[in-house]
A.B. asks: 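Attaching a single structure in structure tokens format; questions to follow.
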Amino acid sequence: MNDLKNKMLGALTWSSIDRVAQQGVQFLIGIVLARLLSPTDYGLMGMVMIFAGLSYVLVESGFNYALVRTKDLTPQHTNTIFYTNLAISWALYLLLFFTAPYIAQFFNQPQLTAIARVTFLAILFNACYLVPYALIGKELNYKSLAKINLSATLMSGIAGIGLAYLQYGVWALVAQQTTYHFFRIFGFYYYTRWKPQLTFKWNVIREYARFSSHILASSLLSVIFNNIYTFILGKLYPIKQVGYYTHAYKMSETSNFTFSAILGATYNLFAQIHDQKERLCRILNTIQERAALIVIPITVLLIVDAHPLFYTLFGEKWMQAVPYFQLICAANLLAPLFQINIHALNAIGKSNVSFGIELGKRGLILASIVVGVYWNILGLLLGYAAACTLAWLISSMEVKRLLHIKLSKQIWHITPAILFSIAMAFLCYYASLLTENIYVQLIVRALVFGLGYCILIAIFYPTLYKEAIQYIAKLRQPKQK
């Protein structure tokens, strides 16, 4: 038990380091690119990424989740999935290559043809490392994953900034996207030392099909609806508005994706104990409570600080993106906790239930779009935030039904974090009235929020506060050789 606990702690620690470091580097790169590029450049790239994101999911097809759950993994499993991923990627690339002119025609942007054909090369690169990626996840080897992701992010960022500085416009974003997946290939093969062999068994596909199909369907729904706003805005609004939305979404995802990726390690953990429900529930409760105390306050702080943050980092030209950013952050408030519930259900083999939840969530989003499209972009995003909150509630009800964790207990896990965050938000607002300098406001709000929240945690969660202090102190101690 201690061994699993240590592996879990190590996985979450390195997953945290990976995400924080990677998103930190991406954030800095994003600041530079946003100052060098225009909203139109981001709008064009956002349109292309609708199809690229969908393709990544189709290539993976849910098989990686199945590989992680397989206790007696053999070369037949890994090689079959590798060649399947590769075949799907080539089929999709050729399809998208020849349909690129029609994509450009649909959005009335002729330059999209060339942009799409180059960007879609990333689909082929992505397929090459999916099996090594699953093997690293299965071993909870997030230390190596952190090194791979950080190296690829840094090198692709340098490529993007270089082209942006040379005034290549949207091609800077194209280079960043494609080189990121290209560099990851070398990293994964270096750390896993896995090599494909000439073996393929249809039995493996049949063995994984039922479980993976539900994962695939859920992932497809997620990608489609994550990009549906870009699709609608690209068709109905000027491309500049698409750029504002794309940049706002990307910035909100800096925090949301960090949390989601860190907590993504929970699936690999839950998968190892999926046949020990009592133990799984105990760990699930702990993770939910502690995740809420981190995710919710940081998200609320981003909403509160959005105006001075965007002005300071990106300049006046991006201020129209602020309300989009705030509403997307509101929609993401409970997204990592929703993901934890989905991972728990998938780990116990209930991928059909998690698919049903995803289907329900997309139905709620679609309903909000039907209503909001007759209003404006803000109406669309307000409905999105409401739909995401209801989806978390539905997932919690399924966790109650299948894992017997009371709904009231799950709600209690997030209530203190919400109340603390609201209290700090009001305090930040009144503290910022002391000055009109937008830069000072940003610093004051962050300090007041951070210090106030830490004090509340120390008062109401003294044990957790002490554990955090001890863990930080332990990390700072030099390792004994």
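Keep in mind that the numbers below use all heavy atoms, side chains included, and drop hydrogens, waters and symmetry copies.
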A.B. asks: Would Y42 and H247 count as a close aromatic pair, with their ring centres under 6.0 Å?
C.D. replies: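 Under 6.0 Å, so yes.
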A.B. asks: Taking the six-membered ring for Trp, are the ring centroids of Y384 and Y229 within less than 6.0 Å of each other?
C.D. replies: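 Here the rings of Y229 and Y384 have centres that are less than 6.0 Å from each other.
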A.B. asks: How about M47 and I103: do any of their side-chain heavy atoms sit closer than 4.5 Å?
C.D. replies: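 Counting from C-beta outward, M47 and I103 never come under 4.5 Å.
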A.B. asks: Would a distance-only check, ignoring hydrogens and angles, find a side-chain to backbone donor-acceptor pair under 3.5 Å from N79 to Q197?
C.D. replies: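 Yes: the side chain of N79 pairs with the backbone of Q197.
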A.B. asks: Do you know which two heavy atoms are closest between L37 and A164, and how far apart they sit?
C.D. replies: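 It is CD2-CB, 3.9 Å.
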A.B. asks: Looking at every non-hydrogen atom in both residues, tell me the closest pair between I340 and F270 and how far apart they are.
C.D. replies: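 Closest approach of I340 to F270, heavy atoms only: O-CE1, 4.0 Å.
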A.B. asks: Other residues, nucleotides and ligands only: do more than 12 of their heavy atoms fall within 6.0 Å of OH on Y249?
C.D. replies: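 Yes, OH of Y249 has more than 12 neighbouring heavy atoms, counting only those of other groups under 6.0 Å.
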A.B. asks: Check A391 against I357 and note the closest heavy-atom contact, atom names and distance.
C.D. replies: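 Closest approach of A391 to I357: O-CG2, 4.4 Å.
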A.B. asks: Under a 3.5 Å distance rule, please check whether T119 uses its side chain to pair with a backbone N or O of A116 as donor and acceptor.
C.D. replies: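 Side chain of T119 to backbone of A116: no pair is present.
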A.B. asks: Distance from I377 atom CD1 to L327 atom CG, nearest 0.5 Å?
C.D. replies: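 Nearest 0.5 Å value for the CD1-CG distance: 11.0 Å.
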A.B. asks: Which pairs count as side-chain hydrogen bond (donor to acceptor under 3.5 Å, both in side chains) when at least one residue sits in residues 297-314, sequence neighbours excluded?
C.D. replies: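 side-chain hydrogen bond (donor to acceptor under 3.5 Å, both in side chains) check on residues 297-314 returns no pairs.
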A.B. asks: Do Y245 and I328 pass the side chain to side chain contact (heavy atoms under 4.5 Å, CB included) test, and can you show the C-alpha distance, the side-chain angles, and the key distance before you say yes or no?
C.D. replies: CA-CA 9 Å; Y245 169 78; I328 296 169; 3.7 Å; yes
A.B. asks: What distance separates N332 CG from I303 CD1, expressed to the nearest 0.5 Å?
C.D. replies: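 That separation rounds to 9.0 Å.
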A.B. asks: Is the closest side-chain heavy-atom distance between M45 and Q177 below 4.5 Å?
C.D. replies: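 Yes, at least one pair of side-chain atoms sits under 4.5 Å.
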A.B. asks: Show your reasoning for whether side chain to side chain contact (heavy atoms under 4.5 Å, CB included) applies to I224 and R362.
C.D. replies: CA-CA 9 Å; I224 289 170; R362 307 313 160 186; over 6 Å; no
A.B. asks: Do the numbers put K147 on top of the ring of Y190, so that NZ or CZ is under 6.0 Å from the six-membered ring centre and no more than 45° off the axis?
C.D. replies: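 Verdict for Y190: no cation-pi partner in K147.
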A.B. asks: In Å and rounded to the nearest 0.5 Å, what is the CD1 to CG distance from I81 to L130?
C.D. replies: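 If I round to the nearest 0.5 Å, the distance is 10.5 Å.
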A.B. asks: Checking L456 against M424 for the side chain to side chain contact (heavy atoms under 4.5 Å, CB included) test, could you report, in this order, the C-alpha distance in whole Å, the side-chain angles of both residues, the deciding distance, and whether it holds?
C.D. replies: CA-CA 10 Å; L456 289 174; M424 288 303 100; 3.9 Å; yes
A.B. asks: Is Y324 reaching over with its side chain to a backbone N or O of L381, donor-acceptor style, under 3.5 angstrom?
C.D. replies: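 No, Y324 side chain to L381 backbone: no donor-acceptor pair under 3.5 Å.
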A.B. asks: Does any part of the side chain of N341, heavy atoms only, come nearer than 4.5 Å to the side chain of L337, both counted from C-beta?
C.D. replies: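 Result no, sub-4.5 Å side-chain heavy-atom pair not found.
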A.B. asks: Can you give me the closest heavy-atom contact between V223 and G53, atom names plus distance?
C.D. replies: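 Looks like CG1-C, 3.5 Å.
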A.B. asks: Do other residues, nucleotides or ligands put more than 12 heavy atoms under 6.0 Å from the OH atom of Y465?
C.D. replies: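 No, not enclosed.
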A.B. asks: Is the closest side-chain heavy-atom distance between L293 and Y453 below 4.5 Å?
C.D. replies: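 A side-chain contact exists here, since the closest heavy-atom pair is under 4.5 Å.
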A.B. asks: Which word best sums up how the rings of F107 and F51 line up, parallel for under 30°, tilted for 30 to 60°, or perpendicular for over 60°?
C.D. replies: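 The rings of F107 and F51 stand perpendicular, inter-plane angle above 60°.
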A.B. asks: Counting neighbours of NZ on K317 that are heavy atoms of other residues, nucleotides or ligands and sit closer than 6.0 Å, is the number greater than 12?
C.D. replies: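 Above 12, so yes.
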A.B. asks: Looking at CG of L313 and CD1 of I31, how far apart are the two atoms once the value is rounded to the nearest 0.5 Å?
C.D. replies: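 Rounded to the nearest 0.5 Å, the CG-CD1 separation comes out at 4.5 Å.
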A.B. asks: Do the ring planes of W90 and Y93 sit parallel (below 30°), tilted (30 to 60°) or perpendicular (above 60°)?
C.D. replies: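 W90 and Y93: perpendicular rings.
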A.B. asks: With side chains defined as the heavy atoms from C-beta onward, is the minimum distance between V300 and F449 less than 4.5 Å?
C.D. replies: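 Yes. Closest side-chain heavy atoms under 4.5 Å.
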A.B. asks: Can you tell me if S61 uses its side chain to pair, donor with acceptor, with the backbone of L58 under 3.5 Å?
C.D. replies: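 Confirmed, S61 side chain pairs with L58 backbone.
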A.B. asks: Does R117 reach the main-chain N or O of A100 with its side chain, forming a donor-acceptor pair under 3.5 Å?
C.D. replies: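 Here the side-chain-to-backbone pair does not exist.
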A.B. asks: Out of N285, I287, T286, which residue meets the side chain to side chain contact (heavy atoms under 4.5 Å, CB included) rule with I283?
C.D. replies: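 Single side chain to side chain contact (heavy atoms under 4.5 Å, CB included) partner of I283 among N285, I287, T286: I287.
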A.B. asks: Between atom CD of Q26 and atom OH of Y180, what is the distance when rounded to the nearest 0.5 Å?
C.D. replies: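 Here the rounded value is 6.5 Å.
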A.B. asks: Please name the pair of heavy atoms, one in P39 and one in Y244, separated by the smallest distance, quoted to 0.1 Å.
C.D. replies: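 For P39 versus Y244, the nearest heavy atoms are CG-CE2, 3.8 Å.
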A.B. asks: With a 4.5 Å cut-off on side-chain heavy atoms, are T246 and M49 touching?
C.D. replies: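 Sidechains of T246 and M49: no contact.
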A.B. asks: Do side-chain atoms of W194 reach the backbone of V131 as a donor and acceptor pair under 3.5 angstrom?
C.D. replies: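 No, the answer is negative, given that no donor and acceptor are paired below the 3.5 Å cut-off.
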A.B. asks: What do the steps show when you test S144 against F188 for side chain to side chain contact (heavy atoms under 4.5 Å, CB included), and what is the final call?
C.D. replies: CA-CA 8 Å; S144 296; F188 279 111; over 6 Å; no
A.B. asks: For the residue pair Y461 and F420, does the interplanar ring angle fall in the parallel (under 30°), tilted (30 to 60°) or perpendicular (over 60°) class?
C.D. replies: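 Answer is perpendicular, since the angle exceeds 60°.
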A.B. asks: Which heavy-atom pair separates L33 from L173 by the least distance, and what is that distance?
C.D. replies: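 Scanning both residues, the minimum pair turns out to be CD1-CD2, 4.1 Å.
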A.B. asks: Determine whether M319 and F314 make a side-chain contact, defined as any pair of heavy atoms from C-beta on separated by less than 4.5 Å.
C.D. replies: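 No, every pair of side-chain atoms sits at 4.5 Å or beyond.
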A.B. asks: Measuring from Y168:OH to L36:CG, what's the distance to the nearest 0.5 Å?
C.D. replies: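 Between atom OH of Y168 and atom CG of L36 there are 14.5 Å.
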A.B. asks: Can you tell if the side chain of V399 reaches within under 4.5 Å of the side chain of L284, non-hydrogen atoms only?
C.D. replies: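 A side-chain contact exists here, since the closest heavy-atom pair is under 4.5 Å.
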A.B. asks: Could you tell me if R184 sits above the aromatic ring of F182, with its cationic atom closer than 6.0 Å to the ring centre and no more than 45 degrees from the axis?
C.D. replies: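 No cation-pi geometry.
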